[in-house]
Amino acid sequence: MPRQRLPRRGVRQSGSRRPGRLLHSGSFMDAREERTALEKKWQARWVADRAAFVDTHDPSSKGTYLLVMLPYPSGDRLHVGHARTYFLTDALHRYLKQRGETVFCPMGWDAFGLPAENFAIQRGIPPRESTLANIAAMKEQFDGWGVLYDWTKEVTTCEPEYYRWNQWLFLRMVEKGLAYRKKGTVNWCPSCLTVLANEQAEGGTCERCKSPVEQRELEQWFLKITEYAESLLAGLDQLGKWSEKVRAMQRNWIGRSVGADLDFDVPKLGEKLRVFTTRPDTVFGATAMILAPEHPAVPRLLEGHPERAALEEWVKGVRSQDRLQREAEGAEKDGRFTGAYAVNPFSGEEMPIWMANFVLAEYGTGAIMAVPGHDVRDHEFATKYGIPIREVILRPEGADASVACWTGEGTMTASGPYDGMSSEAGREAIAAEAAKRGIGGARVRYRLRDWLISRQRYWGTPIPMVKCPACGWVPVPDDQLPVLLPKDAPFTGKGGNPLEKVEAFLKTSCPRCGGDARRETDTMDTFVDSSWYYLRYLDPANDEAPFDPAVIARWAPVTQYVGGIEHAILHLLYARFFARVMKDLGLVSFEEPFAALFNQGMITRMSPGGRIEKMSKSRGNAVSLDPLIAAKGADAVRAYVLFLGPPESDAEWTDEQIAGPERFLYRVVAFVEAYLRSHGTAPLVPRSPDSPAARKRHIAVRTLTHDFDAFSFHTAVAHLMEFSHHVAGLVGDAEADPGETRASVLTLLALLHPIAPHLTEELHERMGETRSLLVSGWPTFDPALAVEESVTIAIQVSGKLRGQAVLPRGATREEALAAAEGLEAVAKWLEGKERVKVVFVPDRLLNVVVK
RNA sequence: GCCGGAGUGGCGGAAUGGCAGACGCAGGGGCCUUAAAAGCCCCAGGCCUGUAAGGGUCGUGAGGGUUCGAAUCCCUCCUCCGGCACCA
């Protein structure tokens with residue numbers, strides 16, 4: 001929009017009517033009931049018109065796949081804090097439809113999960129019953145917001161029609177060795193009574209309930225996400241339409257490290273123990289080997305030790321600590337000498353083998369070589385326990401000599417044949433030598449761990465495996481899917497998973513030998529459900545396959561995904577993993593499920609305690625949507641939520657500020673009604689294609705097109721307010737060209753439609769237009785007309801603003817200079833000065849530099 | 001510690017090398033009204049100066065740099081938010 005102000009004239013000011021009530025009596029905005037009835041009318045119309053329906057099976061169908069993360073059907077009513085992602089997506093949906101695109105925008109329910117099960121324990125209402133009731137309630141809320149979804153594609157993940165394909169995909173992964181059972185140290189949430197994936201125990205606390213997680217030794221089902229670590233990392237570079245923030249978070253989480261594996265001979269065991277190090281160049285400085293207390297060699301190393309019992313007690317103590325304690329910042333390093341020794345394969349020296357709490361069993365080999373001279377953690381440990389500290393890297397000149405432990409690069413020394421080599425070159429040389437001697441070699445490792453998907457809970461997808469006393473774990477054959485979740489499980493909240501008490505479920509026969517066998521009673525992590533749901537939307541009724549690959553080839557991957565940042569690692573990483581697995585299974589042809597990702601910011605609000613924090617029911621700062629929409633109208637609430645600020649940033653909700661967008665919409669209704677009273681519904685055409693008003697109209701179209709393309713909904717509302725002031729002026733101006741006025745009104749309604757769909761449709765209809773705004777097209781602009789005829793350029797003298805000149809568009813440097821010299825305010829700064837140069841930016845600025 | 005993002009009026013924010021503060025909230029003045037509410041119009045970053053119109057000057061976390069010109073680009077630093085973190 002132009003920088004200078006548009007005339008701020010309301011409909012009353014320039015008209016002859018006396019100022020008074022803004023709205024003509026009888027306006028539909030007057031009565032709440034009437035306005036609500038009109039909202040219902042248009043919501044019903046969009047349903048009747050099948051406005052959001054897309055025939056994905058039509059072989060010629062193609063278009064934009066716009067997706068919002070599927071919600072969990074909670075029993076609480078959705079509040080303002082939830083609404084932003086849906087309003088934003090709907091504005092985009094409508095804009096794209098107006099542009100003439102075919103847009104597929106479905107909705108569904110992430111319906112499995114703990115709250116429904118806990119509700120069953122507390123209130124005795126079966127999970128399926130409460131979940132379906134919650135879905136019905138949420139759907140009703142969506143209907144009242146005027147958001148468009150293709151409900152014919154609705155997916156509910158707790159229904160067997162959906163979860164049987166979780167089971168089917170799991171079985172394919174079993175076949176590929178990507179799903180496997182492993183005993184290991186796992187995260188246990190004592191409050192949720194289940195194990196958790198590493199991603200759900202970030203920072204040592206349960207992602208759902210925030211309880212500190214405990215470590216337990218259990219045998220569980222895992223998915224081999226680590227197999228794809230490199231691909232998941234490399235793929236991030238291609239995701240240019242994802243925020244750098246999310247990509248950085250995933251990179252951190254995957255945690256790639258380049259280094260080397262090295263084998264150290266352990267005479268006592270008669271075998272080698274392998275360590276992983278990122279600094280093989282410091283191997284001559286290794287003065288100890290340190291094992292995680294969980295390392296499998298520990299019991300054998302302790303054999304025959306005089307204080308074996310005490311040492312084993314110490315190991316037990318470390319292992320029983322929860323992760324929060326053990327990994328806390330500044331946690332005391334604690335270790336014990338095993339009494340055994342290892343031989344450094346490069347220096348040939350004997351080094352003591354220690355155990356220590358800071359060495360993690362799950363990372364690398366669970367064993368390290370300690371180089372106290374060049375690693376701060378080893379340095380701290382060695383200082384505490386009197387382990388020798390040896391420097392084998394000479395610091396570069398000018399390096400800070402006061403640093404006790406140099407961890408940077410340098411020149412190798414006291415390293416035998418490698419002396420004088422740079423540390424960078426030494427890393428490669430040592431790794432290569434290790435490979436040559438068959439004792440390790442260069443190695444890349446990742447922080448990422450395999451995805452633990454077993455859950456000791458009822459309300460999830462049953463894992464389709466059978467434990468046979470004779471055959472071991474046997475997959476359920478495809479033709480016996482789905483393994484149905486029994487409806488009659490006893491919910492006591494005690495004694496573990498209710499499935500264990502359902503005999504009819506538990507008892508089965510072995511698919512292989514036919515003997516008596518037991519079903520797996522663990523269910524799948526609900527993140528499995530959301531890892532591929534976006535494909536099921538495209539073909540939700542398919543009962544022969546999870547989806548038809550031909551449909552997927554036309555419509556996937558998702559063009560634009562919208563959701564909160566809280567899934568930056570969890571859901572988004574799992575879905576990227578699943579896409580890769582499905583590609584390897586030949587089901588899809590892409591690796592990245594979501595071509596573009598938009599993360600909307602949270603809505604915050606002042607809590608009763610005076611803090612501004614995320615809006616939520618539990619913090620007591622939630623604003624209920626239902627009464628707000630009843631009072632202000634869905635359009636006003638939408639407009640305000642979108643006006644709050646940049647959609648990617650957090651935005652503070654204040655109850656007062658809704659007044660601005662609300663007044664804006666009232667004014668639009670008022671001047672359109674005024675137009676109808678003065679001009680009626682007759683179709684009229686502008687007299688001149690390039691009048692100043694026509695130019696303003698073209699400018700508005702250009703500006704709003706740009707705003708919506710850029711997801712800049714808050715500036716879109718601001719620019720619509722500006723344009724509406726202008727249109728109000730036209731409506732109230734008896735001299736204005738009626739054809740241009742009508743064109744401007746209709747343009748405003750079309751541009752405003754994505755924000756305020758109900759009232760724009762209603763006014764558009766009252767203007768005599770018969771087709772819905774959704775199908776009547778987005779206004780177009782002519783770039784040649786989307787500019788003002790005359791421009792105000794800034795006149796600077798030596799870079800300081802001294803005046804302004806109004807010039808015809810395209811005025812030359814000479815014309816601008818002449819105009820500048822004619823301004824007294826400018827002339828006085830030029831007088832008696834020598835001109836050094838003149839900078840001229842056409843249509844913007846003239847800068848005369850003087851000395 | 002490492003990685004990512006952000007600091008602009010009383011407030012939300014706009015401007016991505018070219019008139020800082022668009023649009024709105026709250027505020028002040030006016031109109032309308034018996035009055036109020038609602039609505040409409042106008043004003044509105046700080047300081048200095050002037051009876052006024054106006055003029056001057058400073059100003060986008062701090063300091064420096066590049067440029068005719070910097071909120072915007074570069075360097076150093078500070079603060080805040082988010083992620084990872086005893087990951088060898």
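Sequence lines set the chain letters: A, B, ... in the order given, protein chains first and strands last, and positions in each chain run from 1.
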In whole angstroms, how far is the P atom of B/rA14 from the NE2 atom of A/His706?
-> 13 Å
Are any protein N/O atoms closer than 3.5 Å to N/O atoms in nucleotides 64-68 of chain B? If there are, list each pair with its distance.
from   : atom 1 : to       : atom 2 : distance (Å)
B/rC68 : O2'    : A/Asn847 : ND2    : 3.4
B/rC68 : O2     : A/Asn847 : ND2    : 2.4

Proximity to the side chain of A/Thr715 - top-ranked nucleotide from B/rG82, B/rG83, B/rA14 | B/rA14
List the steps, then state whether side chain to side chain donor-acceptor pair (under 3.5 Å) holds for A/Thr792 with A/Gln804.
-> CA-CA 6 Å; A/Thr792 306; A/Gln804 295 180 325; 5.9 Å; no
Across all chains, not counting sequence neighbours, the salt bridge (Lys or Arg N to Asp or Glu O under 4.0 Å) partners of A/Arg447 are none
Spacing between A/Phe664 atom CZ and B/rC40 atom P, to the nearest angstrom | 13 Å
Pick the P atom in B/rU33 and in B/rG27, then give their distance to the nearest Å.
-> 24 Å
Does A/Arg663 place a side-chain N or O at less than 4.0 Å from the phosphate oxygens OP1/OP2 of B/rC25?
-> yes
A/Arg390 and A/Phe284, any side-chain heavy atoms less than 4.5 Å apart | no
Across all chains, not counting sequence neighbours, the ring-ring contact (aromatic ring centres under 6.0 Å, His included) partners of A/Trp653 are A/Tyr640
Could you tell me which residues satisfy ring-ring contact (aromatic ring centres under 6.0 Å, His included) with A/Phe840, sequence neighbours excluded, listed by chain and number?
-> none
Closest non-hydrogen atom pair between A/Ala434 and A/Asp261, with its separation | CB-O, 4.5 Å
Length of the line joining A/Ile755:CD1 and B/rG24:P, which is rounded to integer Å = 15 Å
Contact nearer the 5' end of RNA chain B, comparing A/Ile658 with A/Ser712 | A/Ser712
Contacts satisfying salt bridge (charged side-chain N to carboxylate O under 4.0 Å, His left out) that involve residues 647-661 of chain A (not counting sequence neighbours) are A/Arg605-A/Asp655
Between CZ of A/Phe723 and P of B/rC23 the distance, given in whole Å, is 16 Å
Do A/Thr282 and A/Pro280 come close enough that some side-chain heavy atom pair is under 4.5 Å?
-> no
In residues 563-572 of chain A, which ones come under 4.0 Å of RNA chain B, going by heavy atoms?
-> none
Are A/Tyr385 and A/Phe381 near enough that their ring centres are under 6.0 Å apart?
-> yes
Going from CZ on A/Phe276 to OG1 on A/Thr365, what distance comes out if it is rounded to the nearest 0.5 angstrom?
-> 9.0 Å
A/Phe708 and A/Ile755, any side-chain heavy atoms less than 4.5 Å apart = yes
B/rG4, B/rA20, B/rA88: which one has an atom nearest the side-chain heavy atoms of A/Thr277?
-> B/rA88
Distance between P atoms of B/rG39 and B/rG54 (Å, rounded) = 31 Å
Nearest whole angstrom, please: distance from the P of B/rG5 to the CH2 of A/Trp242.
-> 17 Å
Per-residue pairing states of RNA chain B in dot-bracket (Watson-Crick or G-U under 3.5 Å; . unpaired, | other strand) read (((((((..(((.....[....))).(((((.......))))).(((((....)))))..(((((..]....))))))))))))....
With rounding to the nearest 0.5 Å, note down the distance linking OG1 in A/Thr287 to CE in A/Met369.
-> 10.0 Å
More than 12 heavy atoms from other groups under 6.0 Å of NZ on A/Lys241 = no
Provide the distance between the two P atoms, one in B/rG12 and one in B/rG64, to the nearest whole Å.
-> 28 Å
Would you mind reading off the distance between A/Glu662 atom CD and B/rC23 atom P, rounded to a whole angstrom?
-> 20 Å
Do the side chain of A/Glu722 and the base of B/rC23 come within less than 3.5 angstrom through a donor-acceptor pair of N or O atoms?
-> no
Report which part of the nucleic acid A/Val836 touches: base, sugar-phosphate, or nothing (heavy-atom distance under 4.0 Å, all strands).
-> nothing
Could you work out the separation of B/rC73 and B/rA14 based on their P atoms and round it to a whole Å?
-> 15 Å
Are any protein N/O atoms closer than 3.5 Å to N/O atoms in nucleotides 7-13 of chain B? If there are, list each pair with its distance.
from   : atom 1 : to       : atom 2 : distance (Å)
B/rG12 : O2'    : A/Leu644 : O      : 2.8

Just checking, A/Arg802 and A/Trp829: is the charged tip under 6.0 Å from the six-membered ring centre and within 45° of the axis?
-> yes
Salt bridge between A/Glu821 and A/Arg835, side-chain N to carboxylate O under 4.0 Å?
-> yes
When the P atoms of B/rC48 and B/rA35 are considered, how many whole Å apart are they?
-> 39 Å
Expressed as a whole number of Å, how far does the C1' atom of B/rU51 sit from that of B/rU60?
-> 35 Å
Side chain to side chain donor-acceptor pair (under 3.5 Å) filter on A/Thr226, not counting sequence neighbours, yields A/Asp450
Separation of the C1' atoms in B/rC74 and B/rU16, to the nearest angstrom | 15 Å
Quick one: which protein N/O atoms are closer than 3.5 Å to N/O atoms of nucleotides 56-60 of chain B? Pair and distance per line, please.
from   : atom 1 : to       : atom 2 : distance (Å)
B/rG56 : OP1    : A/Trp829 : NE1    : 3.4
B/rU57 : OP2    : A/Arg802 : NH1    : 3.2

Contact class for A/Glu244 vs. all strands (heavy atom < 4.0 Å): base, sugar-phosphate, or nothing?
-> sugar-phosphate
Mind telling me whether B/rG28 is syn or anti, cutoff 90° either side of 0?
-> anti
Please list, one pair per line, the donor and acceptor atoms closer than 3.5 Å that link side chains of residues 357-364 of chain A to other protein atoms, with sequence neighbours excluded.
from     : atom 1 : to       : atom 2 : distance (Å)
A/Asn357 : OD1    : A/Asp334 : N      : 2.9
A/Asn357 : ND2    : A/Glu332 : O      : 3.0
A/Tyr363 : OH     : A/Ser257 : OG     : 3.3

Same-atom distance (C1') from B/rG4 to B/rG59, integer angstrom = 30 Å
Starting at the 5' end of RNA chain B, which residue's closest nucleotide do you reach first, A/Met369 or A/Ala794?
-> A/Ala794
Pairs involving residues 283-294 of chain A, ordered by first then second residue, that meet salt bridge (charged side-chain N to carboxylate O under 4.0 Å, His left out) (sequence neighbours left out) = A/Glu294-A/Arg326
Which nucleotide sits closest to the side chain of A/His725: B/rC3, B/rA88, B/rG24?
-> B/rG24
So, are A/Glu244 and A/Arg251 salt-bridged, with charged N and O less than 4.0 Å apart?
-> yes
Here the distance between atom C1' of B/rU72 and atom CZ of A/Arg844, to the nearest Å, is 13 Å
When rounded to whole Å, the CG to P distance for the pair A/Asp281 and B/rA88 reads 14 Å
